[in-house]
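Take a look at the structure set out below.
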Amino acid sequence: MGTRLNIRVPADFVLSRDACSYGYFLLAPNHWDVRQQTLARMFLLAEGGARATITQEQRNTHRTSRPGRISFPHVPGAPLRVGFDRALTRAEQIQARAQLTRMLRLDEDETHARAFHALDPRWKQSGRSRLYRSPTLFEDVLKTVTSCNVTWPSTIHMNRRLCDVLGESGSFPSARRMARARPGTLRARCRVGYRDQRMVELAKMFVPRGNKPAEVDEAWLTDPSTDDDTAFTFLTSLPGIGPYAAGNIMQLLGRYSRLALDSESLRHGKAVLGMTGTDASIMKRLAAHYEPFGEFKFKSYWFEIWDYYETKRGASHNWDRDEVGSSLTASKL
DNA sequence: GGTAGACCTGGACGC
DNA sequence: GCGTCCAGGTCTACC
């Protein structure tokens, strides 16, 4: 008999909206079940892998939505029910709760959302504020590396292979496991290409050595006394992490004052915001466009992009991973 | 400080 | 089925 956990959530939390809010929910080992409206994945816990299925109470009757407005099937603020495929120890239950809290941003309460919506009221109606992330910073950083200099289908493929080849029963690989991997294995079996050496070096930086703490200190990176510029500069010093990747990791750390501008941003600037000119000039105009959103500018940027995807493909909680997931860039929509 | 070219993979396309 | 081209961000060497 597997362990079942009930997780209290903020009053505005909606599983289908808040889990399906960033592309990583489409990447292995995550699996969003469209029919059931549940999220399943392997978690890596102290005693090994454990598969969890996350559900939230659904409305009896699906609320009728106004044209152009997306309605979500779950009851806001209803506790999450998380079923594991094996019994968890007390220590593992604490670990699982911490990973779920990180992944679903349960630490961002209504006060946080109100502050964001005060700066950018466009998302108040839908309630969008949380951005899905991974249960661990290591997985977030590696997922970011797999999204650099590749098209989205390759990112999907790399994450699937990493879980199959180096994961435990299909989990995302641990930093320890990847630190021990041979670059040649990553290249040949996970198809990560030239990122092989960088990924192993990155993994080593997440693992304490002897009495020495890990070089990547998540507590320091998320500490409010560490300013954004210092955190960003540190991130760009990591192997395989440039300005785009560092900007993305900043938001994954809960620091939304930076943008992560890439080719997708350029398309958004041209197609949605009607910007013209050279790529460099559009990048500058994009930075200026989001400046008014201050400490939340990444959220404003990202929800504009997400909104565009949803106008083309429908609500993200109804996306089929194999169908829509493989075409998730503006150029393919 | 700015820029050119290399780094890999997978998909699209033409033959 | 094969060859060619292209998209994608980071890193290094060079000016």
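Numbers restart at 1 for each chain; the letters A, B, ... are given by sequence-line order, proteins then strands.
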Q: Round to the nearest Å and state the distance from A/E264 atom CD to C/dA7 atom P.
A: 14 Å
Q. Is a donor on one side and an acceptor on the other found under 3.5 Å between the side chain of A/R130 and the backbone of A/E108?
A. yes
Q) What's the OH-C1' distance between A/Y194 and B/dT9, to the nearest Å? A) 9 Å
Q: Would you indicate, yes or no, if C/dT10 has its OP1 or OP2 atom less than 4.0 angstrom from a side-chain nitrogen or oxygen of A/R198?
A: no
Q.
When you measure only distances, ignoring hydrogens and angles, does the side chain of A/Y244 come within 3.5 Å of the base of C/dG8 through a donor and an acceptor?
A. no
Q | B/dG10 phosphate, OP1 or OP2, under 4.0 Å from A/R191 side-chain N/O | A | yes
Q: Could you state the atom-to-atom distance from CD of A/Q197 to P of B/dC8 in whole Å?
A: 11 Å
Q) Once the angle between the rings of A/H268 and A/Y301 is folded into 0 to 90°, is it parallel (under 30°), tilted (30 to 60°) or perpendicular (over 60°)? A) perpendicular
(Q) Can you measure A/M158 atom CE to B/dT9 atom P for me and round it to whole angstrom units? (A) 9 Å
Q | CZ/A/R177: more than 12 non-hydrogen atoms of other groups inside 6.0 Å | A | yes
Q: Can you tell me the distance, in whole Å, between the CD1 atom of A/I156 and the P atom of B/dT9?
A: 18 Å
Q. Can you check whether A/H157 has a side-chain N or O nearer than 4.0 Å to OP1 or OP2 of B/dG10?
A. yes
**Q.** B/dG11 OP1/OP2 closer than 4.0 Å to side-chain N/O of A/S154
**A.** no
Q) Of the nucleotides C/dT10, B/dT9, C/dG8, which has the atom closest to the A/R187 side chain? A) B/dT9
Q | Whole-Å gap separating C1' (C/dT10) and CG (A/L235) | A | 15 Å
Q: Check the surroundings of atom CZ in A/R86: do more than 12 heavy atoms from other residues, nucleotides or ligands lie under 6.0 Å from it?
A: yes
Q | Length of the line joining A/R161:CZ and B/dC8:P, which is rounded to integer Å | A | 18 Å
Q | Close aromatic pair by centroid cut-off 6.0 Å: A/W306 and A/Y22 | A | no
Q: Figure out the CG/C1' separation between A/D279 and B/dA4, and round it to whole Å.
A: 16 Å
(Q) Counting the atoms with a prime plus P, OP1 and OP2 as sugar-phosphate, which does A/L266 contact under 4.0 Å by heavy atoms, base, sugar-phosphate, or nothing? (A) nothing
